[in-house]
Structure formats: structure tokens, C-alpha cells
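Working notes, beginning with the structure itself.
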Amino acid sequence: MPEETRTRDFIRQIVAEDLRAGKHEEVVTRFPPEPNGFLHIGHAKSILLNFGIAEEFGGRCNLRFDDTNPVTEDVRYVDAIVEDVRWLVGGIGAGPLFASDYFERMYALAEFLIREGQAYVDSQSEREIRENRGTVMEPGRLSRFAERAPEESLELFRRMRAGEFPDGAHVLRARIDMASKNMLLRDPLLYRIRHAHHHRTGEEWCIYPMYDFAHTVEDAIEGITHSLCTLEFDVNRPLYDWVAERWVEHVRSEGGEPTRPRQIEFARLQLEYTVMSKRKLLTLVSEGRVAGWDDPRMPTLAGLRRRGVTPQAIRTFSEMIGVTKANTRIDVGKLEYAIRDDLNQRAPRLMGVMDPLKVVITNYAEGESETFEAPVWPHDVPKEGSRPLPFTGTLWIDRDDFREDPPEGFHRLVPGGEVRLRYAYVIRCDEVVRGDDGEVTELRCSYLPETRGGANPEGRRVKGTIHWVSATHALPLEMRLYDRLFSESDPEAEGADFREGLNPESLVVVPEALVEPAVAALDPGLHVQLERVGYFFTDPVDSRPMRPVLNRTVTLRDTWAAREDAAGGGAPPSREEKRQAREREKERERERGGGARQEPERLPELQKRREVYEREMQLEPHEAEVLTRDAASADLFEAGVRAGATPQLLANWIVHELPRELGERDVTTLPFGGPEMAELAALIEDGTVSSTGGRQVLGEMVKGGGRPEEIVERLDLRQVSDQDALEKLVADALAANPGKVEEYRSGRTGLLGFFVGQVMRASGGSANPQVVKEMLDERLGAPR
RNA sequence: UGCCCCUUGGUGUAACUGGCAACACGCCUCACUCUGGAUGAGGAGAGUCCAGGUUCGAGCCCUGGAGGGGCAACCA
């Protein structure tokens, strides 16, 4: 049950509904990258969505390369993308598939369109085509070749394929509507000539299909049921549908039975402090601003993988952010949370210091040493394992763990203070040694033998535990501390070149960090947590035997550092500040004034009717306005009035209630007319049905027609206002929710609506809500 | 300036399709702790973009407006 009712994103809701309605035998999705760059975490969202839906609903998902533009594409990207997808989701089912395998079938559809007069070869220059397309404000102009006979177009198109023309000489265009408000529908290009080498088809083709044409056909060929893409393609959807329709005609003309894919758009992922466009990422790579596509600072899957981020972490993250149509930039903190959440269970714990400060234990015998057997998993991770941890009289600790002048609440090492060394002893700082420049060079401490191995003798309370390594055993190795690639949360903000926002400290190399021996023995490609420092990944490329290079995947959550940061930053806006901001906003709005709004043009005939409604029927202006936007609504209204309905009531129902029941449908398709509408209005007016019941009646009427009176009887919606009759329902509602009754009485009066709703539901919509409300009011008593 | 999409705590999402504004991240307490980690228990934080309207009842329906995003490649 909880599995069933778990709320799903809008796309999964659509898929579930389609399956329930029997629209498809099986759901088929696809992930269609163009092989012109590496995949990034934004693609991961899409991959996980598409493969996830296929898996959850028992369907399939194709990895298909949209390789229709030979000049930007390359096999090396194909290989990298396949590797990335495999890494993220495991198997990739059938495939990989290639759009280029469908070129012949696309071509066949193109010829079909030409023969049917739905496409033509245009021989305008590229510039002419652009100029004649018009602008968002002005319609385009027909090409002087638009009326070219199908036979002529067909011949030219074949010659285009045969390679008789140079690039740009001709294009194939769909014949749709040069005046469309949607620019994409102004006779969009379907094919262009490109004498270029294609990574799979070689020189076989010199004409290549354009996205809208090719992509739709690819989906149709593969039997894709739900074609998921990002928001900016919503303007392409009408064209997608156009091509899909023609594909259906084409296949049917050859006796086949095609499938009809449906495009659904969702918001692409944007992440704070990074960019997510292949073009910009390519710029960073080609200009050498990062070490390559797999630089661990890159949001690419290859980069994240090399940084130590796991597929599971990306999956968790993806589930956290959901799928919607709202355009937002996600807080990187959420990604970091998902990474830590996964690595916490996965990374063994070892110790290492990034910025070493020497500690000499003065009361520990010179040359002496001992070895602790220290666990590599914390008590709350159910895994076994330990490593030998050598201890001597000279140690390294992190400089950050010592403060001469500690801020309030600091509980690490301070002069004269005590701190616990993880898995070893408590030490006390007796003396601070400085170099010539005044910098602290060494701490002279004494250890407390009775605190060995974490023992905690009576009465001793040491607040802090710090990490350390034995100086004689410490091994130096390179650590790469990665931070956000950009300094600004939105590097793509208006104006400014995005490259200028690069964070100069996105990579800090520590050439000689000091780690305990067990770290040095780590193989490449392993996760580890250096306690209190962060999660690291042994670099799979640059690590050497016994000399791994450590990439910092992410720091540990650090509430102490957060507190220190917050001390500097401004306070969050108070309630009062927010109220004032709101006031200012309202003021500004008032100043802008209610600009004279432009009403849509109206036929004089409708304008006249509108005036009549207002003047003679006393309708509210805005209702009269809405009723006269189209003749059908006005007709319905007038027919209702002629049948005796009260104008205002009828107008309310047509304007405010009908649209909901109508959904996508048009008023003209209604299976009933004014008289029925009037009858419904009368039933409501005389109290035979409540407005709640009235809505149900209207819903029935829209669905199947029929007379209101009859529907009221059939659905038993006659309004019940008699208190005695309602008594039981009211009492039941109260008895079933004793907790809520209590809450109500202690002041949560918003619950009244809940109780009314319960009774209304129980009555099937027939109860008189006002009477119910009064009864509940009385039963519940005044809130204290 | 035309058309399309979007707007719910600081952030990301949910709300049985008109009836309790919920969850997660972040933040703050406390507990536990040999990681200022993890875990557990609490808490603060939202006039659901604004203004009108319909309704017993609106985050959800209607009207108008504001703000953000997209669309005028022979790219995808």
C-alpha cells in the first residue's frame, strides 16, 4: 500500500496512467545523447529517469546515439558515453543504438512527404531562409520555391542525395505554416547537405536529417512510448507531433501499424557553482582550464567518478531533487549530502594530516614505540576490520587542531590544555615552540599513560579527539583538495564571461601530506575516510604502488566550521524584515499601476452581446467578458437564460465551474445545451442539490450527457438539510477522529474544513455543507 | 514587443485532484560518542508570487497582473 500511494513525479504519473488505460503493452523510453562531448550529472538525471521508469514499470530503455550531425561528433565520445552509462546504471539493455542506422528509413519518409506535397526542396540561400523566417513578432514569408512541384522537389532531393550539389545549395523543408506564432513551424528544415565524414556511415551520405525530423523518427522506429526531454524542447513538441503523424501515415501507407511516441518535457538539472552545458565544458577542456573531461572538478560523470563519487550517491541525489517543470538551480549541499550518505558506509577510516605540526611527547621514552590495533570502521558501521597503528614519541597533528588563542567553544589542543589522540593517549600541551618568524613549529606535550587506547579514567573529561600520525612511520603523498569550480553560485548569470568566475582555489595540491602506513598500501580506485578530514579516493590514473594520490571527494559535514563561518556572515532575514520587504514590493506594484490591459479583439457581434449581459442582465463585467470570448459559450449562456435560468448564477457556473469539468475539451463538443444547464442552475438555486452535488452532476453531464434531474436521482444527490438525517454522519466523523477533535478544541480551527469534508464524503456529496458546518460548530464547541 | 512553460519555508519537492500545508537538505537544541562524523529525539522556519472572483471551504477552479525561463542554427 505505501508503495502504491507513494507520490510520484508528474512523468511517472503519466506513465502509470497510460499503462492503466492500456495505451501501451510496455513502456519504452530512451536516452539519446549526441556523441559530441562527455556526459555530465545533468545527463545523469535524465539517464536515471529514463532507465528508472523502464525498470519500475517493467519496460525497456534504449541508449541511442543521436548522431545526425557528422561535423561535431566523434567515436571517442561514443565510447566514453557508453562507459559512463554502464557505470551509472549497470547494463544498458539492447544497444547501444545509433540514429545513423535509420538513415535509409528517414530518407524514405522524406520522399513520402515530398510526394504527398508536405515537403519541398528550397533553394534559397541560408541568409534568405533566415530573413524570410520573420521574427517572433512578424510572420515569415513563403519561399519563392515553396510552390515547387513534388516531382521537381523529388528529383532535386534525389540529386542532393547523389552528391550533385555543394553544401548549402538546397535544403528539404516541411510545408507547414510560415505565419505560425511558433517559429519552429515556419516550414522547418528537414534535411541539409553536408559533405562530411560520419563516424559510422563514412561517406555513404552527404545529406543529413535535422533534429526535429530525425529524433521523432528514431523514437517512432524504436517504439518509444514516452520521449522525455528537457524544457527548452517544449516549443518543438508541435513539430514532433507533426512528424510523428506523418510517420504514422507513411507506415500505414505501406501496410504497417506504427506506434505514436509522446514527448514530455522536464526541467534540466542546474547545480550551484558549476556549468552544465557541453559547449562550456568543452571550452574549459580545450582551453586547458581543467585537466580534461575527467578532471575531478568537472561535473562530468567521468570527473565525478575520478573524484570518488559513486553511482549510488548520484542516484540518491537524483531522487532527492525530483523531476518537475520548475527551473531551479540545486544547492550543492544536497549533492554533498548524498555523497557522504553513501561513503559513510563504504569508506574505511584511516588517518592522515594535511598541514603537519610537530608534537613531541616529552615523557615518552626516546626511541620507544608501540602499535595499536585500531578498527577501520566506526562503531555504527556494521563491518569488521582493523589495522596496526604505530605510535612513537614524535607525532604530526594538523595545524588546524591547535590554537593558541582559541575561540569560544574550541575543544582541540590549546596551550596547557588536553586533547585525546584518536586510538592512543590523552596528551597535554606543556610548551609552544616558535621559529624565528614567530610561527609555531613544535608543541611539547606530555602523555597520560592511564588513558591508553581510549581508556577514560574516573573524573577525566576530555572534550576533543584529534587525528595524528607517527613521525617515524608517516608516509608523504600527494593530496588534491578539490573545491567548487566556480566562485559564483550562478556562473552563467547575465553578462559576464563564465570563465571569469572560475574559482582559483578549486584545486589545492598538498604535495606532501603525511599519512599512516595503511593509507599508502591502498590500491588505486578505493574510497577512504581520513578521520575528521574528509572522504578521499585513490586516483585511478596518477597513483603509484605504495604512493597513491589522494583526491578529496568531499569534506566531512563540519558543524564547527559552519558555526565559525556563520559568526562572520549576516543574520538571516527576520520575520519583520521579510514583512517590510513584502510591503515595499506591494508599494512598487501600486506605483506601476494597473496598466490599461489589452483585451483580445472581439467580433462586434460578441461585443454587443457582452454589453447586453452587463447592462440588462447585471452580470459582473469580467464574467460578461469571459462569456463572450467565443460564440459557443455565449450561445450556451443565452440558451440557458431563455430556458429560465437566473443569469448571474448561470454565468457563475459556466465561467467558474464548467472549465474544470471540461478539461481539454471545447464547449462546442458538449453533449448537452442551454436547457440542461438551466435545469442544473434551477436545482442548485432551489436547494435540491448543494453546489458540491451540482459539480458532480455537471461532471456527469459533461461525460455522458443526460438530464440533471435524472442524474440527481441516479446518483442520489438530493441535498439533505435535515439535521436528524445528518446526525449520524456528523457523529461518526467526530467519533472516527478523536485526536483531531482534541486538536480542534485546543485551537486548531482549520480542522473544521477537514470535518466538513469527511461528512461530505460520507454522504456522497448530498449533505448540505452549511448545515453540516453549523452542526459541527455546535458539537465541537468553541476552541479554548 | 508575439507565443509557450514555470512560481509552495533559506533550498529542493509533496499535498488523495476543492477539505489537516507534509517530506528531505540546511539551521538550532539535547542525547550518545575516542571522528565537532554517523545515529536518535526535539525545535525554529510558509499569509502557497500579487490583486480580485467562484465556493460552506481555494496551494488546487476563474480573471487580471508580476517575476523567472524558453523560442527567430542548414545545432541537438
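As a basis for the values below, the full set of heavy atoms in this structure was taken, side chains included, without hydrogen atoms, waters or symmetry mates. Computed from a prediction, not measured in an experiment: that's the story for all the values here. Letters A, B, ... mirror the listed sequences (proteins, then strands); counts begin at 1.
- Looking only at atom types and distance, the side chain of A:Arg349 has no donor-acceptor partner in the side chain of A:His467 under 3.5 Å away.
- The phosphate of B:rC75 has neither OP1 nor OP2 within less than 4.0 Å of any side-chain N or O from A:Thr68.
- Close to B:rG70, at under 4.0 Å from its OP1 or OP2, lies no side-chain N or O of A:Arg237.
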## Note on the structure
Here RNA chain B, pairs taken as Watson-Crick or G-U under 3.5 Å and shown with ( ), [ ] when crossing and | when to another strand, reads .((((((..((((.....[..)))).(((((.......))))).....(((((..]....))))))))))).....

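- Scanning atom types as modelled, one donor and one acceptor separated by under 3.5 angstrom connect the side chain of A:His411 and the base of B:rG36.
- Between A:Arg192 and the phosphate of B:rA76, there is a side-chain N or O to OP1/OP2 separation shorter than 4.0 Å.
- For B:rC6, the base has no donor-acceptor partner in the side chain of A:Lys325 [N/O atoms by modelled type, under 3.5 angstrom].
- No donor-acceptor contact under 3.5 Å links the side chain of A:Arg695 to the base of B:rA58.
- One finds no side-chain N or O of A:Arg130 lying less than 4.0 angstrom from the OP1 or OP2 phosphate oxygen of B:rA72.
- A:Thr559 has a side-chain polar atom (N or O) that falls below the 4.0 Å cut-off from OP1 or OP2 of B:rG37.
- Contact check, A:Thr324 against B:rU13: a side-chain N or O comes under 4.0 Å of OP1 or OP2.
- OP1 or OP2 of B:rC34 has not a single side-chain nitrogen or oxygen of A:Arg349 nearer than 4.0 Å.
- Checking the phosphate oxygens (OP1, OP2) of B:rC20, no side-chain nitrogen or oxygen of A:Arg748 falls inside 4.0 Å.
- Between A:Arg557 and B:rC27 there is a side-chain N or O to OP1 or OP2 distance below 4.0 Å.
- When the nucleotides B:rC5, B:rC56, B:rC62 are ranked by their closest atom to the side chain of A:His656, B:rC62 comes out on top.
- Taking side-chain N and O atoms only, A:Tyr211 has no distance below 4.0 Å to OP1 or OP2 of B:rC75.
- Between the side chain of A:Glu623 and the base of B:rU63 there is no donor-acceptor pair of N/O atoms closer than 3.5 Å.
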